[in-house]
Amino acid sequence: MSKKKWSGLFLLGKIVFIVFALSYSFFSLYRIVTSLAPDFQVFYYSTKNVLMNINPYTAHNVFTIFNYPIITTFLYIPLVFLDYQIAQGVYVSLSYFAVYFIVYLCFHILDKKIKLINYLLIVSFVFMSFPTKFTLGMGQANLIGYMFLLVSYFFYGRKKDFLSGLLLGIAIIQKPILVFMLVFYLLHKSWKVFAGTMMIVITLIAGACLFNRYQFLVYYVLNVSSKLMGSKAAEVYYNQGFLGFISRLIPQLTLRSILSYIFIFSCLIMIFYVSIKKRLTSHQQFVVILTVLPLINPLSWQHHYIILIFPFIYLLIYTHIKNIKWLLVIPYLLVSWNFKNPDYRLPFSFLILSHQFIGGFILLYLLLKEKVKS
């Protein structure tokens, strides 16, 4: 078969996949909007509880435990004045269209143009990945928080540090684990970014105190946040960080915790070492830290791996390593897969059921290879 015919078939395959993936994603959006997104329900009713001065951490009118600081609920106040189903529809729809914007923003940050068909192809792969499907289906905050993080980084690249910090503060309030990204700005001594971030966080904390909600902040610190760092039950399949990986191998809780802290500390040393020794560019540093985040998070649920969208796109664009674009298929499949009925009795189940952690680790390795240059 001639090269021209192969090109035609390849183009047809792209179009068929795009039509299927985007049609499926839109149908899924309709089903979510017209049913129940459990995690959004938690945000919605926890916000109402805070407004009514009811402790959101002990209330029983939510799907599951509310594990966020109460300042996170402030972002949802405009939605609680809407009927629940309408509010859920608005929020999930914003998360859905955030996917399109996130992919566009990745290329915009990297100053790279992309053909429409290739843009839609990448969006399709993002929608077909389990972390994206799950975060949309549950009505989680991941995509909107991630969008604010990338917008913040975009403005940082345009020398608007204080605005970048304000947007980063919103991202951290939306998803507190994103506070880890301050490591990047610490490397660059970007104190204006820190100032903007602190202004947002301190303003909301002051607001909580002003309206007599400080007791909920204290309760969160004393009774909720410490439990999020524990190693008990960390072996559950849906936990795909290093702690989940090591917990499926080691039953002793104390040893799990020790090894987890050693891994976190080692990753931080690695970030500082490669940033200085290998003189990584800002983009390289940013994507490396992004990739490390779900690996070290003690409770790194599967949907947290949507954070790898930017590292995948970065590597797809900039790598000069032969055949690495095809190698990216391996971490993509590992990150995107999900076992509906995980079997812990399988041989080497600690490896098989840690596929996302392994996929993220492979991606990190590829990012750190010497020839990956921008």
Side-chain angles (χ1 to χ4, degrees), residues 21 95 98-107 109-110 112 119 121-136 140-154 171 174-175 177-178 180-181 183-184 238-245 263 267 270-271 274 280 283-297 299-319 321 324-338 354-369 372 374:
S95 296
V99 173
Y100 290 89
F101 184 62
I102 286 168
V103 174
Y104 166 78
L105 195 56
C106 289
F107 283 90
I109 288 170
L110 299 172
K112 293 292 180 180
Y119 163 75
L121 182 65
I122 292 174
V123 169
S124 298
F125 276 115
V126 173
F127 273 124
M128 294 305 290
S129 178
F130 179 76
T132 306
K133 291 190 285 187
F134 192 79
T135 201
L136 284 172
Q140 292 161 345
N142 303 309
L143 288 165
I144 293 177
Y146 191 41
M147 180 183 69
F148 274 105
L149 175 69
L150 292 181
V151 174
S152 167
Y153 182 60
F154 169 79
Q174 187 86 39
K175 287 297 296 182
I177 191 61
L178 294 179
F180 181 70
M181 296 309 299
V183 170
F184 171 81
Y238 304 104
N239 184 8
Q240 287 289 320
F242 177 79
L243 181 58
F245 168 73
F263 182 76
C267 284
M270 178 273 296
I271 288 170
V274 298
L280 301 184
H283 290 334
Q284 283 177 289
Q285 290 173 353
F286 194 78
V287 295
V288 164
I289 295 170
L290 270 178
T291 306
V292 165
L293 176 52
L295 302 181
I296 67 172
N297 186 2
L299 287 177
S300 193
W301 302 125
Q302 286 177 296
H303 46 270
H304 291 165
Y305 276 79
I306 60 114
I307 207 169
L308 299 186
I309 295 172
F310 188 35
F312 269 112
I313 290 175
Y314 170 83
L315 204 52
L316 191 66
I317 291 174
Y318 280 128
T319 182
I321 302 174
I324 202 171
K325 286 182 171 64
W326 292 107
L327 282 175
L328 280 175
V329 172
I330 297 171
Y332 171 78
L333 291 175
L334 289 170
V335 167
S336 300
W337 185 254
N338 172 60
S354 300
H355 54 89
Q356 282 185 307
F357 171 77
I358 294 169
F361 202 82
I362 292 172
L363 184 66
L364 179 63
Y365 170 76
L366 295 175
L367 286 166
L368 290 174
K369 285 189 71 70
V372 181
S374 55

Seminar exercise, completed: Sorted by chain and residue number, the side chain to side chain contact (heavy atoms under 4.5 Å, CB included) partners of A141 (sequence neighbours excluded) come out as F43, Y76, Y91, Q174, K175
Exercise. Who passes side chain to side chain donor-acceptor pair (under 3.5 Å) against Q285, sequence neighbours left out?
Worked result: H188
For this session: Kindly write out the residues that satisfy side chain to side chain contact (heavy atoms under 4.5 Å, CB included) with F361, not counting sequence neighbours, or none if the list is empty.
Result: F263, L295, F357
For this session: Please list, chain by chain and in numerical order, all residues satisfying side chain to side chain donor-acceptor pair (under 3.5 Å) with T135, sequence neighbours excluded.
Result: Q140, N142
Exercise. Can you name the residues that form a side chain to side chain contact (heavy atoms under 4.5 Å, CB included) with F125, not counting sequence neighbours?
Worked result: F17, L121, Y332
For this session: Can you sort out the partners of T291 under side chain to side chain donor-acceptor pair (under 3.5 Å), two or more places apart, ordered by chain and number?
Result: none
Exercise. What residues, two or more places apart in sequence or in another chain, satisfy ring-ring contact (aromatic ring centres under 6.0 Å, His included) together with F130?
Worked result: F134
Problem set entry | side chain to side chain contact (heavy atoms under 4.5 Å, CB included) partners for L334, two or more places apart | I330, H355, I358, I362
Problem set entry | Residues that Y100 engages under ring-ring contact (aromatic ring centres under 6.0 Å, His included), provided they are two or more places apart | Y96, F127
Exercise. What residues form a ring-ring contact (aromatic ring centres under 6.0 Å, His included) with Y365, not counting sequence neighbours?
Worked result: none
Problem set entry | side chain to side chain donor-acceptor pair (under 3.5 Å) partners for S300, two or more places apart | none
Exercise. For F312, which residues count as a ring-ring contact (aromatic ring centres under 6.0 Å, His included) partner, sequence neighbours excluded?
Worked result: none
